[in-house]
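Convention: sequence-line order gives letters A, B, ...; per-chain numbering from 1. Side-chain atoms are counted along with the backbone in the values below, which use heavy atoms only and exclude waters and symmetry mates.
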Protein chains: 2
Amino acid sequence: MAKIAVRQRTSCGCVSTVSIRILYLRRRRGSNRFDDRIDGRVRSSAMSTRRATISDVAREAGVSPSTASVVFSGKTPVSDATRKRVLDAAASLGYTGPDPRAASLRTGRSGIVGVVFEEHLGAAFLDPVKTLMMDGLTEAVAPLGAGLLLLRDQEPVAGGPSLTSAPIDAAVLVGCSGLLRESLDVVRSRGIPVVVIEGDAGEGVPRIGLDNREAQRQAASHLRSLGHERVAIVTLPVRTGWRRGWIGDADITIDVTRARLDGARDVYPDAVAFAAAGSFIDEGLAAGREIFADPEQLPTAVIAQSDLLAAGVIRAAEEAGLRVPEDVSVTGFDGIVVDGLAPYDLTTLVQPAADKGRAAGQAVAAMLDGADAASVRFTCVFRLGNTTGPAQERV
Amino acid sequence: MAKIAVRQRTSCGCVSTVSIRILYLRRRRGSNRFDDRIDGRVRSSAMSTRRATISDVAREAGVSPSTASVVFSGKTPVSDATRKRVLDAAASLGYTGPDPRAASLRTGRSGIVGVVFEEHLGAAFLDPVKTLMMDGLTEAVAPLGAGLLLLRDQEPVAGGPSLTSAPIDAAVLVGCSGLLRESLDVVRSRGIPVVVIEGDAGEGVPRIGLDNREAQRQAASHLRSLGHERVAIVTLPVRTGWRRGWIGDADITIDVTRARLDGARDVYPDAVAFAAAGSFIDEGLAAGREIFADPEQLPTAVIAQSDLLAAGVIRAAEEAGLRVPEDVSVTGFDGIVVDGLAPYDLTTLVQPAADKGRAAGQAVAAMLDGADAASVRFTCVFRLGNTTGPAQERV
DNA sequence: TTGTACGCGTTATCAT
DNA sequence: ATGATAACGCGTACAA
């Protein structure tokens, strides 16, 4: 662990910032905003503790508030002389432009697109697929001039922004769990455009997704063609907050998990399935240990629902003294580059993660533009690596 | 490239969403908001095209707006009977809670913390160090109940949120380029708390940083102790928008780059330096090719300012037929896991990236709480890998 | 080109 | 526990 050296600063700006805020609050209660004025003009910018508003600027410049407003928004031509007067007044008053909150209330737009994750936000940053998706999303909303607000699908901490309480112009849902549904209704009832990535948010919400089932079926078929009979599946979480463990067919609330599982079961209806608690190498490792625990019941192949899980499974196989792919074949899903997996080159399904984000962004842009947005379904591409091989007869 | 299958939806909710918005806009211009009412009461929730406000709800429930407000905010006790009446009224009117914009204007808080990057936002997601930092930041801001708004340090696209136009309660700057400075003044003059990670935003702005110079000096000393004399340096970008190339000592506007370069120069004052355009393996590769281009001028060691750059340099060395570390030693910086680098284990400086984010979040929390926030300086830890070795006499 | 007037939807304060 | 009142700071239709 790194040591921490805290360097105490002699208090300077921070402290003054604080005191300014206190003064400000004090002013707000009971004080008349016109206290500062003498016959309609601001006494002195330096003496005012309250932050200047556009009206103050207008007054100081000797123009009307609307004119001052227009100078800042540029929505209407203003004579150069007037503009200069306003700008000068603003500078002398320390006015730094319209208050975003007020402007937002007035225009009804905030320039913010909410991105809602169903997991711990940190996890979103640690998942390569989500990272790529965010990359694409960022790119697609940039021309919109919108910023991305990271939100989590959960009961809001007091006062914090939830999907329902954040000033967003549109929302992109990543996955779509149950908890979200109610918030979603709220948002949609507000007329805020919503797009969902990898999930189902009901009728009327454009979806960006993959051919998960078909894709996973390809991997399974590949294994089948190699002669594998006894196959185990390692799935993504089956619901939020799930802890890892063997699962039956029931109670899967996460669409991706369900779809990929279905795809595998299309080929191997009876394959056992172990659900991980997240898409991490460690989770794959834990799952692999379970799967390879009983030497009498070893599968000849493992279908993992993500590359990271697959990487973990491979490690578990090595631990168990199994060679990949000689003793056990392993397939992944995602097509990301997995660190430290060399010399293995995962047999997997490559998904266009960045494209998903881009598509979501474009859908949002279209909807904000008043247009209709269609759902998009991307296709995964099967990529043959060296982690799958012919099934071996067990001695 | 993956194929794209677009599935046209029969228009449903999207379309209705759009038409609702159009009606709404139509209503706003010139129409009187009381049109819907007959002697002071709302005629019918179903017939109203305008979105219900808290006043509508109050009226419907037969209470005052303030009481209705209190029901939603919970700031004051309300009798159960009243609460129920209000909630029922809200339900019947389709009122889904206070408008965030209006609430924000009134309270002066939005529950949003802006995170400002000086690079393309996508790059932030692709940089492991930033990713980890965001992870820590997210964690630290969570108890605050705040969301993170991703912002870019650039001239705003029209209407988009910039540091100055976004409704943020606080801002975290990642790096601190020149462009940012003016926006920063604006923000600070608004009394919004600001924290800087890896950068200098002037007096009064708490900084979260590393002992970059000292750390880099450790790596250089390590090389010196191994007998290396001819050393080349691969630096991070020296300014935003910079294209790669050899650099002198001048014109470095990015603090991290400067500090690490100084650290290296403390030991090797005359080492040549090549600046990359970003922290990517490919950039390191390009830099490495330049550095290894002249067989007569080969360095025996390369100090890279990031692990990704180092990884690229190693690849370039391999390309040039140089063995690492026999022919050339390479050091990195960051201590992240670099994909596909096996069997190499980078000699590097491990920085507590997540801790940096956490510290920033805590500083923000403190400042929002009206307290003072101190600057924090983390210490990097030298980690010996297998990419450095004794200097070899060139034949 | 500039000014007037008003409302955006909410919440803090204070009195009852 | 509830209500009346007054901002919060701005944008814009319309008139001049």
Please determine whether a side-chain nitrogen or oxygen atom of [X] lies at a distance below 4.0 Å from atom OP1 or OP2 of [N].
X: T53(A); N: dG9(D); answer: no
X: S66(A); N: dT12(D); answer: no
X: S79(B); N: dA1(D); answer: no

When you measure from the side chain of [X], which nucleotide among [options] comes out closest?
X: I54(B); options: dG9(D), dT11(C), dT4(C); result: dT11(C)
X: T76(B); options: dT4(C), dC10(D), dT2(D); result: dT2(D)
X: L105(A); options: dA12(C), dC8(C), dT2(C); result: dC8(C)

Item to check | Check: dT11(C) base within 3.5 Å donor-acceptor of R106(B) side chain | outcome: yes
Checklist entry - Under 4.0 angstrom, heavy atoms only, what part of the nucleic acid is V70(B) near: base, sugar-phosphate, or nothing? => result nothing
Checklist entry - Checking all strands, does Y95(B) fall into the base, sugar-phosphate, or nothing category for heavy-atom contacts under 4.0 angstrom? => result sugar-phosphate
Can you check the [X] [atom1] to [N] [atom2] distance for me, whole Å?
X: D99(A); N: dC8(C); atom1: CG; atom2: P; result: 19 Å
X: R59(B); N: dG9(C); atom1: CZ; atom2: P; result: 12 Å
X: R109(B); N: dC8(D); atom1: CZ; atom2: C1'; result: 15 Å
X: R190(B); N: dG9(D); atom1: CZ; atom2: P; result: 11 Å
X: K75(A); N: dT1(C); atom1: NZ; atom2: P; result: 18 Å
X: R101(B); N: dT10(C); atom1: CZ; atom2: C1'; result: 13 Å

Item to check | Name of the residue among L151(B), V205(B), L163(B) meeting side chain to side chain contact (heavy atoms under 4.5 Å, CB included) with L173(B) | outcome: L163(B)
In terms of side-chain geometry, is the basic nitrogen of [X] or [Y] positioned less than 4.0 Å from the acidic oxygen of its partner?
X: R106(A); Y: D99(A); result: no
X: D80(A); Y: K84(A); result: no
X: R59(B); Y: D56(B); result: yes

Checklist entry - Do I112(B) and I112(A) touch side chain to side chain, with heavy atoms closer than 4.5 Å? => result yes
Next on the checklist: With nearest nucleotide decided by heavy atoms, which residue, S73(B) or P65(A), maps closer to the 5′ end of DNA chain C?
Outcome noted: P65(A)
Next on the checklist: Would I197(A) and V172(A) count as a side-chain contact (heavy atoms from CB on, under 4.5 Å) here? Give the steps.
Outcome noted: CA-CA 7 Å; I197(A) 297 181; V172(A) 176; 3.9 Å; yes
Next on the checklist: For the backbone of M134(B) and the side chain of T138(B), can you confirm whether one donor and one acceptor N or O come within less than 3.5 Å of each other?
Outcome noted: yes
Item to check | DNA chain D contacts among residues 82-90 of chain B, heavy-atom distance under 4.0 Å | outcome: T82(B)
Next on the checklist: Between T67(A) and A102(B), which residue's closest nucleotide on DNA chain D lies nearer the 5′ terminus?
Outcome noted: A102(B)
